[in-house]
There are 2 protein chains.
Amino acid sequence: MSQPLLRRCMRDQIRDRLLERILEGTYAPGHRFVELDLAAEFQVSQSPVREALRELEVMGAVDSLRYKGTRVRSPNPVEMAEAYALRAILEQRSAELAVPCPPAVLDSLRADLVALHEAARDRDVARYSRHAFNFHRSIVVQSGNHLFLEIWENVQTRARLPFVAQHLSAELASCAADHDPILVALEKGEGASAGRLLRTFMESLLAKLPR
Amino acid sequence: MSQPLLRRCMRDQIRDRLLERILEGTYAPGHRFVELDLAAEFQVSQSPVREALRELEVMGAVDSLRYKGTRVRSPNPVEMAEAYALRAILEQRSAELAVPCPPAVLDSLRADLVALHEAARDRDVARYSRHAFNFHRSIVVQSGNHLFLEIWENVQTRARLPFVAQHLSAELASCAADHDPILVALEKGEGASAGRLLRTFMESLLAKLPR
DNA sequence: TGACGATTGATTATCGATAATCCATAATCT
DNA sequence: AGATTATGGATTATCGATAATCAATCGTCA
């Protein structure tokens, strides 16, 4: 088993590795990146590191100040609220476009929903986050609009699902339950209804966010 | 009163200049950027040019292939349709959030609308594009959601307004007329109605797009 | 002729070094 | 002391040069 590293250019590999670590929480919000330190770690020069950081900046994962460095963005309450407002309309419209859902997609949604309830019962925040992510993402994928998906994924770096799930850990069960009628509506092919439910759910989440 | 230009780093200035030119059509779709040529033009080295191009790539304005260069993305019919589908929901929701509109904002919308009709009468596609851009953008700004605005602007690089305006040059007058009731609704504070009109307009545009 | 591989010119990706700037702290002045 | 201005170390922004890769060309041989 070797490093699959040399297939793509350094810049891309570094960007992906850093993003991975940011989303996992390996680098806490506020963490400062020092370009030459990263260069040393990845055994490259400063240039590819810089370019990777620039891309992460446009993606909204980090924040750069001229001559003052690059830091992992903190989950800002206002920004998180904005992200959820965007998810609300994006997922509402996706559900409308997603019907009729092929059986395979419904199966996969069902599986995530089951896992969601289990995770909520076990207070397993990480597992909950993962399956909530999958559930909602699948609906956006099913919209067939690639741009929707790209934007939705981009917004995830701001929505900080694991962070929110942690914050709501006491109410995971009720959040999970909110997903049941969404799936039912999709099974019935009632896209508009599923969309309204998704939107309502997202807005209720928004109301519970830290401020 | 002096130019604040030297305050910002080269990379940012170059990125903005290139994006400007791409959106204006100075660089046609498919145009190939040669990093050292740009470096010579802007009197800088290759590095800031590269970083600017990387940012434009994440923004979706250009396309890069490893060792094969960076090109201005062509307006792909599918992608444009997706962009308009996104604008539709984004602007609909923005209008809902935008009311009540302060008088100053309504004034500026009125000014753009007047200019829009004039441009349509004169078949001045560039002017039409500019004011249509302003009109719609103002509504998104007025939503108060910064993320909406960021995404909306990002999508503009894909929606290629000038390109679409050119394509619809025969119908500019009727497109301009479609904007009148939107402004009326905003003036009355009827956000939901303005939103529906915007969405309908956007979807009618979508139907007229080249395929 | 025409498929194939080597050669070369052009361009990107990366490097190592330098200039510009920031921050904290020391030195200076009032 | 308190405020203000140098100074030094750390880090980013940019530079100029090199390595890696690609695309087109051309010569070779079946």
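Convention: sequence-line order gives letters A, B, ...; per-chain numbering from 1.
- For B:His131, there are no ring pair (Phe, Tyr, Trp, His ring centres under 6.0 Å) partners at least two apart in sequence or on another chain.
- Residues A:Arg137 and A:Leu149 have side chains in contact (heavy-atom distance under 4.5 Å, counting atoms from C-beta outward).
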Kindly give the atom pairs (protein nitrogen or oxygen, nucleotide nitrogen or oxygen) under 3.5 Å for nucleotides 22-25 of chain C.
residue : atom : partner : partner atom : Å
C:dC23  : OP1  : A:Lys68 : NZ           : 2.9

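- Judged by distance alone, the side chains of A:His136 and A:His179 do bring a donor and an acceptor atom under 3.5 Å apart.
- Using modelled atom types and a 3.5 Å distance limit, the side chains of A:Ser64 and A:Arg54 yield a donor-acceptor pair.
- Across all strands, A:Phe42 comes closer than 4.0 Å to no nucleic acid atom at all (heavy-atom distances).
- DNA chain D is contacted by both B:Glu51 and A:Asp37; A:Asp37 maps to the nucleotide lying nearer its 5′ end (nearest heavy atom per residue).
- For residues 74-93 of chain A, every residue pair satisfying the salt bridge (charged side-chain N to carboxylate O under 4.0 Å, His left out) rule, not counting sequence neighbours, is listed here: A:Arg73-A:Glu79, A:Arg87-A:Glu91, A:Arg93-A:Glu96, A:Arg93-B:Glu203.
- The span of DNA chain D lying next to chain A, judged by atoms under 4.0 Å from heavy atoms, is bounded 5' to 3' by D:dT11 to D:dT14.
- When the side chain to side chain donor-acceptor pair (under 3.5 Å) test is applied to A:Tyr27, the partners found at least two apart in sequence or on another chain are A:Arg21.
- By the side chain to side chain contact (heavy atoms under 4.5 Å, CB included) test, B:Ala83 is found to be paired with A:Leu147, B:Val155, B:Arg158, B:Ala159, residues two or more places apart in sequence or in another chain being considered.
- Within 4.0 Å of B:Arg50, counting heavy atoms only, lies at least one base atom of the nucleic acid.
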Trace of the side chain to side chain contact (heavy atoms under 4.5 Å, CB included) decision for B:Leu18 with B:Val62: CA-CA 10 Å; B:Leu18 292 181; B:Val62 303; over 6 Å; no
